[in-house]
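We use all heavy atoms of the structure for the numbers below, so side chains are in, but hydrogens, waters and symmetry mates are not. Every chain is numbered from 1 and lettered A, B, ... according to where its sequence line falls, protein lines coming before strand lines.
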There are 2 protein chains.
Amino acid sequence: MARAGLSAEILTKAGAELADQVGFDQVTVTEVARRFDVKVASLYSHVKSSQDLKVRIALLALTELADRAADAIAGRAGRDALAAFAEAYRGYAREHPGRYQATRLRLDPETAAASAAPRHAQLTRAILRGYHLPEPDQTHAVRLLGGAFHGYIELEAAGGFAHTPVDPQASWDWIVDSLDALLRARADH
Amino acid sequence: MARAGLSAEILTKAGAELADQVGFDQVTVTEVARRFDVKVASLYSHVKSSQDLKVRIALLALTELADRAADAIAGRAGRDALAAFAEAYRGYAREHPGRYQATRLRLDPETAAASAAPRHAQLTRAILRGYHLPEPDQTHAVRLLGGAFHGYIELEAAGGFAHTPVDPQASWDWIVDSLDALLRARADH
DNA sequence: TTAATTTGCCTAAATCGTTTAGGCAAATGG
DNA sequence: CCATTTGCCTAAACGATTTAGGCAAATTAA
């Protein structure tokens with residue numbers, strides 16, 4: 001009987017693709033096994049459980065998203081950096097909806113600390129350097145930006161904007177502009 | 001055999017309480033049945049499916065949340081209204097985490113349109129009246145506020161603020177202040 | 001090259017949640 | 001008080017998760 005060449009990494013990749021196709025909550029070890037034409041039990045040599053697979057997908061997505069955001073802000077500052085950062089998040093969520101959903105999986109504290117999640121906060125702080133905010137304002141601003149971008153993406157994905165004839169891209173640009181102005185105003189004070 | 005006095009409404013209520021205790025994604029017809037000391041199959045006379053039960057919980061939560069927000073902004077305007085509105089959302093999410101999670105369930109368009117979801121947008125527009133924003137800016141602002149409040153609540157619930165020693169309440173107040181200033185600045189233009 | 005060991009995928013079976021079909025008894029109402 | 005409706009039941013199928021134990025392929029060492 002030929003071997004399928006499975007590994008935790010390969011299963012995680014496949015799970016991520018499955019998530020993008022059918023939604024993260026529809027990811028199941030059974031379906032992943034089907035895609036490799038392998039019996040379900042075989043996956044349990046590589047991942048501990050269904051939950052373990054989901055956590056691995058979440059960690060993958062967090063890393064990909066942080067890499068993309070880091071790329072986006074490299075060589076930019078101020079408003080440019082903010083816009084590029086925002087676009088990185090929104091673009092990733094559009095191209096990889098299932099993976100983006102995965103980034104919201106609740107991780108236990110140790111796993112979260114060891115994940116790319118802290119990098120996301122660091123990247124946000126990198127952008128804020130251009131606005132010269134004192135603490136604790138900088139922390140407040142990290143939370144504002146994280147929440148605003150994430151919340152917008154989620155509402156948009158949930159179809160919350162479908163019943164109003166205003167281009168979501170126009171709203172997004174307006175919001176980025178407004179947040180930039182907000183941060184500059186806070187810097188002055 | 002005595003009857004348990006079930007109904008769709010009672011099951012929905014129980015499901016909502018269960019959600020607050022164990023998380024919305026852990027809500028199962030099996031567990032609800034257990035709580036009424038009734039066989040699982042009995043629930044299927046009242047709800048069509050497990051999904052149907054979840055949708056009902058989501059609709060209940062959306063209504064409760066809209067009612068609370070409406071109460072909060074009654075008799076207030078401008079910054080006061082904005083702060084009260086924000087507090088209504090955050091308070092509901094803290095007191096009823098499972099129900100709040102339920103409000104994010106993806107509903108099909110008809111169900112969403114018939115739900116309290118449009119009321120949420122209307123309430124936000126009511127607040128924005130105090131800022132005299134022209135269209136399409138008002139729509140942009142609805143999306144900004146919805147996204148920012150929702151995103152903040154979700155990041156906070158996910159434990160995203162745990163590793164920074166800055167009081168989440170202080171950040172929340174700072175954000176509400178900042179958004180108020182942002183909206184007033186946009187009104188001037 | 002072959003023997004020993006590890007690794008990878010298998011079969012089998014238990015557990016749990018969902019869902020449908022069909023039945024009996026309690027409530028309801030003429 | 002009899003007929004009908006309603007509410008909860010038993011029984012059973014299905015699908016996802018998970019564990020135990022086995023055999024064969026891959027790897028390594030003699």
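Protein atom CG of A:Leu43 is 13 Å distant from nucleotide atom P of D:dA16, rounded to whole Å. Following rounding to the nearest Å, A:Ile10 (CD1) and C:dG8 (C1') show an atom-to-atom distance of 13 Å.
When distances run from any side-chain atom of A:Tyr44 to the nucleotides C:dT11, D:dT18, C:dC9, the shortest one goes to D:dT18. Closest to the side chain of A:Ser49, from the set D:dC8, D:dT18, C:dC10, is D:dT18. Comparing C:dG17, C:dT19, D:dT18 against the side chain of B:Arg34 picks out C:dG17 as the nearest. Here the side chain of B:Ala41 is nearest to one of D:dT19, C:dC10, D:dC9, namely D:dC9.
For B:Tyr92 and B:His96, the distance between ring centers is under 6.0 angstrom. Taking the six-membered ring wherever Trp is involved, the centroid distance between the rings of B:Trp172 and B:Phe149 falls below 6.0 Å. In this structure, B:Tyr152 has its ring center under 6.0 Å from that of B:Phe161.
With a 4.5 Å cut-off on side-chain heavy atoms, B:Glu156 and B:Arg90 count as touching.
One finds no side-chain N or O of B:Thr30 lying less than 4.0 angstrom from the OP1 or OP2 phosphate oxygen of C:dC16. Within the 4.0 Å cut-off from OP1 or OP2 of C:dT7, not a single side-chain nitrogen or oxygen of A:His46 is found. Between D:dA16 and A:Thr28, no contact under 4.0 Å exists linking OP1 or OP2 to a side-chain N or O. The shortest distance between the side-chain N/O atoms of A:Ser42 and the OP1/OP2 oxygens of C:dC10 is below 4.0 Å.
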